[in-house]
Every structure is written in C-alpha cells, then in structure tokens.
Amino acid sequence: MNKVDYHLHTEYSYDSKLKAEDLIVKAIQLNYSLIAITEHLDLLPQELSAFGLPPFKKYVRRMKELREKCASEALCIVCGIEVGDFHRVRLQANDLLAELDLELRLGAVHFLSDHTNVAIPLPKPLDQDQTVDYYRQNLTLVETCDIDVLAHLGVHKRYYSAAPDESDFHGLLKDIFQTMIERRIALEINFSGLRKRYNRILPEPEQIELYRELGGNLFTLGSDAHQLEDFDAHYESLPGWLFGGGIRFPALS
Ligand SMILES: [Zn+2]
Ligand SMILES: [Zn+2]
C-alpha cells in the first residue's frame with residue numbers, strides 16, 4: 001500500500017517537540033512513500049505575541065539536509081507549511097512565504113470572529129452562528145489565498161461526541177467545494193478525529209461525497225500528528241476507496 005501523510009508537525013511548530021529524524025525513521029519502517037512536514041505559520045496578533053515566529057529559514061535548511069541524507073530511501077520528504085487563518089493575515093503571510101522555498105501550503109481556519117479557537121477542545125459545541133462563521137471563513141480562505149490544500153475542514157467537531165446535523169450548511173459547503181475545484185485546491189482528509197472522541201474522519205464521508213459529486217478529485221491525507229505515537233495511528237481505518245484509484249494527490253510545486 002502506498003502510504004502518504006501530507007500534514008505533520010515537528011519541533012518547529014510551537015505545539016510539537018517531535019524530531020523530524022524520528023518521524024522519518026518511522027515512516028521508512030512503515031513503508032511510507034511520502035511525508036509532508038507542515039509547520040505552523042500563525043500570524044494573528046494573539047498568536048504572534050504568545051509564540052513568536054519560528055525560525056523558518058532554519059527549518060527549510062534542516063529539511064534539505066534531511067532529504068539529502070535520505071536520498072537513497074524510497075521516501076519523499078516534503079517541506080511544507082500550515083498557514084493558520086491565512087485570509088486574515090494575507091499580506092504579511094505572502095511576504096514571508098515569498099522568502100521561503102516551500103513545496104506545499106496548507107490553509108486552515110483556527111479562529112472564529114469571536115476569537116474562539118476551534119482547533120483545541122471546546123467547552124461546548126459551536127452554536128449556529130459560530131458554525132456559519134466557521135464555514136464562511138473557510139470559504140473566504142479558499143477564495144482569496146494561494147494554497148495547495150484546505151486542511152481539517154470541520155476541525156471543531158473533533159471534540160464532539162456525535163456527528164451534528166449540518167444540513168443548514170449544505171449551501172456553504174457546496175460553495176467551498178466548488179471554489180476549491182475551480183482553484184485546484186485539494187481537500188484534506190484529516191484523520192486526527194479518529195484519535196479523539198468523535199472517531200470520524202474530517203470532513204465526514206457524506207461531505208467528501210458532496211465534493212466528489214461536484215467533480216472534486218484532488219485529495220490529500222493528513223494525520224495532523226504532533227507526536228510520534230500519533231503518526232500512522234488508525235491509518236488502517238481509512239476508507240478503502242481512497243486507495244482504490246480514481247482520486248489524485250496534488251502535484252507539488
Ligand atoms: Zn490546524
Ligand atoms: Zn496541523
């Protein structure tokens with residue numbers, strides 16, 4: 001089986017201590033053909049003041065070294081980035097990205113307009129207005145930002161105990177998917193939810209089906225692992241059709 005993971009964090013992300021070397025050793029052992037390391041680029045004022053800016057040039061240099069070291073292996077190591085709330089920090093992010101030699105850009109919504117962080121455990125499920133805000137922000141992100149992949153769509157649900165009724169957001173999801181298809185942005189199938197109470201992939205199979213019905217065929221798979229034990233966890237539970245052909249992973253720049 002051609003194992004791939006397009007969403008991984010290591011020590012250049014403020015919330016990970018994982019060494020890329022350890023990840024690479026495990027990926028080779030488990031016969032992965034591709035891993036993409038996608039460190040956080042978070043530029044909202046509250047994030048910058050809390051975590052500062054990681055040494056991205058050092059990160060890119062380190063990845064190049066590791067790639068050279070592993071040149072004889074069958075593993076492709078991709079140097080990427082996860083831009084948080086890109087649409088809200090677009091000019092600043094574009095300036096920074098222009099200076100970095102990166103091969104993959106994930107875009108992700110982490111904060112709602114009311115400052116709720118949807119990527120960490122929530123005290124209670126989002127209400128209707130917050131959910132509309134969440135999907136609208138994803139729409140603006142895919143409409144306005146230069147990204148390869150939309151990451152973890154529906155991330156807030158990771159902390160739910162059951163799948164909510166999202167029929168009210170069908171139109172918004174359709175707009176998001178149509179825009180992604182037009183702009184050749186891949187849909188990430190994020191399986192971090194399988195490690196959490198929600199126990200589902202994100203987006204869920206019904207939403208993936210909507211994307212496919214609209215003509216979408218560009219996917220990535222992402223564990224969003226921040227520690228070694230989460231890498232490859234539940235990979236075997238992913239839907240079989242993902243590996244049966246008919247879908248494409250994006251060409252890397
Ligand atoms: Zn994220
Ligand atoms: Zn991530």
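As the structure lists them, so they are numbered: ligands from 1, and atoms in each ligand from 1.
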Centroid-centroid distance, Tyr134 to Phe169, less than 6.0 Å: no
Arg200 to Tyr198, cation-pi by 6.0 Å centre distance and 45° axis angle: yes
Atom name in His110, limited to N/O/S, at shortest distance from the Zn ion (ligand 1): NE2
Expected output: side-chain Asp85 to main-chain Arg88 donor-acceptor under 3.5 Å: no
Residues that Glu99 engages under salt bridge (Lys or Arg N to Asp or Glu O under 4.0 Å), provided they are two or more places apart: Lys57
Cation-pi check, Lys26 onto Phe231 ring (under 6.0 Å, within 45° of axis): no
Sum of protein N, O or S atoms, each under 2.8 Å from the Zn ion (ligand 2): 4
side-chain contact (heavy atoms from CB on, under 4.5 Å) between His110 and His152, worked out: CA-CA 10 Å; His110 292 141; His152 58 54; 3.3 Å; yes
